[in-house]
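Beneath this line is the structure, given in structure tokens, with notes to follow.
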Amino acid sequence: MPRVEAGSVGRREVVRAGGSAAVALALQSLFGGLKPARALESTIAVPEIDRLAVRVLIDNYQIAVAPSFKRDNVEIERYGWALGEAPPDRAIVSEFGLSLHAASVQGDQTRNLLIDFGFTSDALNNNLQLLSVNPATLDALVLSHGHYDHFGGLTGFLSASGGKLKPGTPFVVGGEECFCARQWTAPPLPGNFGAINRSALQAAKLTVVSAEQPALIADHAFITGQVPLTTFEKVLSPSKMTVGINGGFGCYPDKLPEDERQAETIPDKFRHEIATVYNLSGRGLVVLTSCSHRGVVNIVRRAQAVSGISKVHAVMGGFHLAPFDETYIRQVIAGLKEINPDFVVPMHCTGEPFWDLARAEMPNKALRAYTGTRFVFNA
């Protein structure tokens, strides 16, 4: 199977693209260089894994005394308190943001991904320590899209991790748009929504990988690539992107799609949004949507299309339904029911109306997530 390797990593394979086509990832330098890339086939050969544990490092809220339980093959482990012999001096931190740790097992091999980085590094670093996630074990970092509530904790995480991360660890994004500076334009208040610190990526010796096309990552997972709009779902535009580089921050115009290169500011359509997916042996796909600006049904359909696997075991992450009315939310639920996943785990930007309706209409499928919760999917 063809592959792309970062030279600084040595023998450790960091990214692999499947199928008979040549590698279709572009290794993008930290300051704008781009190696040639070729398109992948519409489907890729994805591996099966034996077990997947997804830990919610950051989500919007928590309940310390919520009980752990098991449903079918899924163990739902709640975190609770940071208790020991001495009185507790800190607790798990929730905020409006998302970060997930995914640990997959295939035979005697384990792979670890960190997906998104929450709103603040204070919360992320605190929770990583309390939840015993060691940065030295990470095989790749994935950023689903360029919104601050998903990358805000990144720079502080990289700084706190010091030399713990493996040199050349892939930092996977869905395209140059991810680096554009952004302004939040929607309620409750407009303002600066930040940009990724490229210098921090360079200092941490990460290898920036632009996964605009589907590809395997860290042997066990695959990235959807950019998600086409194929269903009824609408893309809201709560932010706008500024094209260009200012003080080392921002996006290079010549690396953007042609229709965006000449603009100064662009309503955000999230072309660069990606999702991370696993194929659990005998169960089907576990789709980690992160935020679903392109539509949760679109994302799942994309995962099915690029993998050639129709069975979906779980859909989990933010579904970005909080701004929508009940009629639209019911359409999304109908779309998910048609896909018929075994489990649906809404987080972050999904909103309470979806949870209420999903619990009523899919009572055996809907699972609640809190900051600190660990979902263990067994084959």
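Remember, predicted model here, so these are calculated numbers, not experimental data.
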**OP:** Starting from the C-alpha separation in whole Å, work towards a yes-or-no answer on salt bridge (Lys or Arg N to Asp or Glu O under 4.0 Å) for Glu212 and Lys255.
**Re:** CA-CA 12 Å; Glu212 298 180 15; Lys255 308 305 178 188; over 6 Å; no
Original post:
Where do Glu176 and His272 land on the side chain to side chain contact (heavy atoms under 4.5 Å, CB included) test, with the steps shown first?
Top reply: CA-CA 8 Å; Glu176 180 68 13; His272 66 288; over 6 Å; no
**OP:** Please lay out, stage by stage, how Tyr79 and Leu131 fare under the test side chain to side chain contact (heavy atoms under 4.5 Å, CB included).
**Re:** CA-CA 8 Å; Tyr79 174 70; Leu131 297 169; 3.4 Å; yes
**OP:** Any chance you could lay out the side chain to side chain contact (heavy atoms under 4.5 Å, CB included) test for Leu113 and Leu141, step after step, and finish with the verdict?
**Re:** CA-CA 6 Å; Leu113 301 185; Leu141 313 177; over 6 Å; no
Original post:
Which is it for Phe324 and Leu236 under the side chain to side chain contact (heavy atoms under 4.5 Å, CB included) test, yes or no, and what are the steps along the way?
Top reply: CA-CA 10 Å; Phe324 286 100; Leu236 298 180; 3.5 Å; yes
Original post:
Step by step, would you call Cys180 with Cys251 a disulfide (SG to SG under 2.5 Å)?
Top reply: CA-CA 4 Å; Cys180 293; Cys251 52; 2.1 Å; yes
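For the pair Ser307 and Leu285, the tightest heavy-atom approach, listed with the atom from each and the gap, is OG-CD1, 3.7 Å. A pairwise comparison of heavy atoms in Ile115 and Ser290 identifies CG2-OG, 3.8 Å as the closest pair. The two residues Leu165 and Pro135 have their closest heavy-atom pair at CD2-O, 3.4 Å. Looking at every heavy atom in both residues, Leu114 comes nearest to Leu57 through CD1-CD1, 3.3 Å. Contact record, Leu288 with Ala102: CD1-CB, 4.4 Å, taken as the closest heavy-atom pair. Nearest heavy-atom pair, His101 versus Asn112, reported as atom, atom and distance to 0.1 Å: NE2-OD1, 3.0 Å.
Counting only N and O atoms by type, the side chains of Thr231 and Glu233 include a donor and acceptor under 3.5 Å apart.
Between Tyr148 and Phe151, the ring-plane angle classifies as perpendicular under the 30° and 60° cut-offs. Ring geometry for His313 versus Phe377: interplanar angle over 60°, hence perpendicular rather than tilted (30 to 60°).
Both Ile339 and Ile333 are members of a single hydrophobic cluster when ILVMFWY side chains are connected at heavy-atom separations under 4.5 Å.
Counting only distance, with no hydrogens or angles, the side chain of Thr265 and the backbone of Thr242 share no donor-acceptor pair below 3.5 Å. Checking side-chain atoms of Arg302 against main-chain N and O of Gln226 turns up a donor-acceptor pair under 3.5 Å. For Glu48 (side chain) and Asn279 (main-chain N/O), no donor-acceptor pair under 3.5 Å exists by modelled atom type. Remark: the backbone N or O of Tyr370 is not paired with any side-chain donor or acceptor of Asp59 at under 3.5 angstrom. At distances below 3.5 Å, at least one donor-acceptor pair connects side-chain atoms of Arg294 with backbone N or O atoms of Lys269. With hydrogens and angles ignored, the 3.5 Å screen pairs no side-chain donor or acceptor of Glu95 with any backbone N or O of Ile58. Asp116 places no side-chain N or O within 3.5 Å of a backbone atom of Gly118 that could act as its donor or acceptor partner. Between the Arg111 side chain and the Ser104 main chain, no donor and acceptor come within less than 3.5 Å of each other. Side-chain atoms of Thr224 do not come within 3.5 Å of backbone N or O of Ile274 as any donor-acceptor pair. Not one N or O on the side chain of Ser161 forms a donor-acceptor pair closer than 3.5 Å with the backbone of Lys164.
No more than 12 heavy atoms of other residues, nucleotides or ligands shown are found within 6.0 angstrom of CD on Gln262. Within 6.0 Å of the NZ atom in Lys365, the count of heavy atoms belonging to other residues, nucleotides or ligands exceeds 12. Heavy atoms from other residues, nucleotides or ligands lying under 6.0 Å from CD of Gln129 number 12 at most. Counting heavy atoms of neighbouring residues, nucleotides and ligands inside a 6.0 Å radius, atom CG of Asn246 does not exceed 12 of them.
A cation-pi arrangement is found for Arg198 relative to Phe179, the charged atom lying closer than 6.0 Å to the ring centre and inside a 45° cone about the ring normal.
Val46 is listed as a side-chain neighbour of Ile309, based on a closest heavy-atom distance under 4.5 Å. Under the 4.5 Å side-chain criterion, counting only non-hydrogen atoms from C-beta, Val65 is in contact with Trp81. Between Asn73 and Phe343 the shortest side-chain heavy-atom distance falls below 4.5 Å. Side-chain contact check for Phe270 versus Val235: some heavy-atom pair is nearer than 4.5 Å. Contact of the Val56 side chain with the Leu100 side chain is registered, since non-hydrogen atoms from C-beta on lie closer than 4.5 Å.
Test Leu357, Thr350, Asp356 against Phe354 for side chain to side chain contact (heavy atoms under 4.5 Å, CB included) and you get one pass: Thr350.
Using a 4.0 Å cut-off between charged nitrogen and carboxylate oxygen, Arg182 and Asp268 count as a salt-bridge pair. In this structure, Arg51 does not pair ionically with Glu75, as no charged nitrogen and carboxylate oxygen lie closer than 4.0 Å.
Taking the centre of each ring, Phe193 and His147 come in below the 6.0 Å mark. The ring of Phe96 has its center closer than 6.0 angstrom to the ring center of His348.
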